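Everything quoted here is computed from the prediction, not taken from an experiment. Quick note: numbers below take in every heavy atom, side chains included, and nothing from hydrogens, waters or symmetry partners.
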Amino acid sequence: MEFDADESRADKAYQQAGETMGILRYDASDRPICDDIRKLSARVMNGAEDPDAQVCVLMPSPVFYSNYRYRANQSVFGIFNSLARVGISTDSRFTSSGESLIDAKLLDRYRLIVLGASTYRRDHPEIADMLLEYVKNGGNVFFAMEKPDRILDPYLRETESTAMRDLTGCDAWVQIPKDELTNISADTGVSESWRILHDEPVHFSKVSLPESSVVMATADGMPLLYKNRVGKGCVYVFTWNLDLFMFKGDVMDHYDEGFDWIWRAISGDISLCRDNANELKTVLQEITSMPKRDWAKLTF
């Protein structure tokens, strides 16, 4: 819950999460379904683990609380599919349940944390500090950068973050509108060009990097994916928008493998085991090989 019941209407910068989801009234009192949602959220956040999973897709909870959750769900769906296609099975968690943050110890068992959002722009600021410690101790993190030194908190207040600055590691940065990339090049694969067309602006982070950073892919002569070593671990920073896993041009929910090279590059860099016979990849292959008119016949 983001506001107390006594909070004045004028002090509410936007509708609170539970209200937009229909589980709280405007005065912050519970609707009958609210208790069920609390229990479900707690169970998901601390849910059963896949003992073999080396990767966790960590979803910034405040993004999923808001009306933006529709687009956020699409972005994460595309990320999961792409990881599965290259043989990477994952656990999934949220960064919080309400105001209770995820226990940092839950992250320690994973080799790689993938932040599940089109760009990492909004979360509890404490999560960045948590991720920084995780990387310093030997973990690895991947995310698409929105701003290298700040983040929006759950109440949409922009907060400066030293941890984000350390994670991104760039010397200088400017954000430019850019919904199309050309001349994309990486050691593990190439996509000659890609465009994201939807109803929100798409930006590219043009960065200047220290010599210690390793550029793993470029687009139009600029870093697209780079590695920043922090302590014993590494941070893999993508400078565009992960909606590319859902949108190719104006085609939504495409099946193109054009950016799966991201996971091949990172998994190779940290010697991550991949299983090309994983269950989700098998399901994806079955679905994408049949006509859409037959999808309704599938049972799960």
Side-chain angles (χ1 to χ4, degrees), residues 1-3 12-17 20 45 56-69 71-73 75-76 79 92-104 106-107 112-136 139-178 200-209 213 223 225-228 230-231 233-243:
M1 184 183 299
E2 297 171 346
F3 296 100
K12 295 187 178 184
Y14 68 104
Q15 291 184 321
Q16 60 188 321
T20 62
M45 189 180 77
C56 178
V57 176
L58 184 63
M59 293 167 281
S61 298
V63 175
F64 290 83
Y65 292 159
S66 68
N67 282 330
Y68 187 78
R69 66 188 178 277
R71 175 61 52 73
N73 283 327
S75 302
V76 173
I79 291 170
S92 60
R93 295 185 181 277
F94 286 93
T95 58
S96 69
S97 176
E99 295 296 334
S100 300
L101 301 184
I102 188 172
D103 186 345
L106 293 175
L107 305 181
L112 174 66
I113 302 295
V114 175
L115 289 173
S118 57
T119 60
Y120 190 53
R121 62 178 177 176
R122 183 182 175 198
D123 204 351
H124 303 274
E126 299 90 340
I127 297 298
D129 297 288
M130 191 182 299
L131 292 172
L132 181 60
E133 288 304 308
Y134 163 79
V135 175
K136 285 181 176 179
N140 303 283
V141 169
F142 167 86
F143 61 88
M145 180 173 66
E146 177 77 11
K147 294 184 179 181
D149 57 356
R150 60 198 64 206
I151 197 165
L152 292 175
D153 71 8
Y155 309 100
L156 297 178
R157 297 174 301 209
E158 191 169 74
T159 305
E160 290 190 10
S161 173
T162 302
M164 285 298 298
R165 188 180 301 115
D166 291 343
L167 287 167
T168 57
C170 57
D171 289 335
W173 161 89
V174 62
Q175 194 177 63
I176 58 176
K178 195 171 180 63
E200 294 186 3
V202 179
H203 295 93
F204 185 91
S205 293
K206 187 176 181 181
V207 295
S208 175
L209 301 173
S213 295
L225 175 67
Y226 69 89
K227 177 174 69 173
N228 177 40
V230 181
C234 294
V235 184
Y236 298 89
V237 183
F238 191 69
T239 57
W240 203 32
N241 188 301
L242 296 183
D243 277 347

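A distance of 7.5 Å separates CG of Leu152 from OG1 of Thr159, quoted to the nearest 0.5 Å. Here the straight-line distance linking atom CE of Met145 with atom CH2 of Trp240 works out to 15.0 Å at 0.5 Å rounding. Atom-to-atom distance recorded for Cys234:SG and Leu112:CG is 10.5 Å, nearest 0.5 angstrom. Rounding to the nearest 0.5 Å places CG of Leu131 at 12.5 Å from CG of Asp166. Between the CZ atom in Phe142 and the CG atom in Leu115 there is a gap of 9.0 Å [rounded to 0.5 Å]. Residue Lys147 holds its NZ atom at 11.5 Å from CE of Met164, rounded to the nearest 0.5 Å.
Judged by distance alone, the side chain of Asp149 and the main-chain N or O of Arg165 form no donor-acceptor pair under 3.5 Å. A distance-only check finds no donor-acceptor pair linking the side chain of Tyr236 to the backbone of Val114 [under 3.5 Å]. With hydrogens and angles disregarded, a donor-acceptor distance shorter than 3.5 Å links the side chain of Thr95 to the backbone of Ser61. With hydrogens and angles disregarded, a donor-acceptor distance shorter than 3.5 Å links the side chain of Arg122 to the backbone of Pro62.
Residues satisfying the side chain to side chain contact (heavy atoms under 4.5 Å, CB included) test with Asp129, not counting sequence neighbours, are Ala163. Under the side chain to side chain contact (heavy atoms under 4.5 Å, CB included) criterion, His203 pairs with Gln175, Pro177, Pro201, sequence neighbours left out. Remark: Pro223 pairs with Val207, Leu209, Val215 by the side chain to side chain contact (heavy atoms under 4.5 Å, CB included) rule, at least two apart or across chains.
Considering all non-hydrogen atoms of both residues, Val230 and Leu132 come closest at CG1-CD1, 3.8 Å. Contact detail for Val141 and Phe143: the closest heavy-atom pair is CG1-CD2, 3.7 Å. Scanning both residues, Arg150 and Glu160, for their nearest heavy atoms gives CB-CA, 4.0 Å. Nearest heavy atom pair, residue Thr239 against residue Tyr226, reads CG2-CE2, 4.0 Å. Here the closest non-hydrogen pair linking Cys170 and Pro148 is SG-CB, 3.5 Å. Scanning all heavy atoms of the two residues, the minimum distance from Pro60 to Gly116 falls at CD-O, 3.4 Å.
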Could you walk me through whether Lys206 and Lys178 pass side chain to side chain contact (heavy atoms under 4.5 Å, CB included), step by step?
CA-CA 10 Å; Lys206 187 176 181 181; Lys178 195 171 180 63; over 6 Å; no
Residue pair Val202, Asp243: steps toward the side chain to side chain contact (heavy atoms under 4.5 Å, CB included) verdict
CA-CA 9 Å; Val202 179; Asp243 277 347; over 6 Å; no
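Residues Leu167 and Tyr120 are not in side-chain contact: their nearest non-hydrogen atoms beyond the backbone lie 4.5 Å or more apart. Taking the side chain as every heavy atom from C-beta outward, Met59 and Phe94 approach each other to under 4.5 Å. Side chains of Ile151 and Ile127 form no contact here, defined as non-hydrogen atoms less than 4.5 Å apart.
For the pairing with Arg93, the side chain to side chain contact (heavy atoms under 4.5 Å, CB included) check across Ile102, Val57, Asp103 returns one residue only, Ile102. Exactly one residue among Val63, Asn241, Val76 makes a side chain to side chain contact (heavy atoms under 4.5 Å, CB included) with Ser118. That residue is Asn241.
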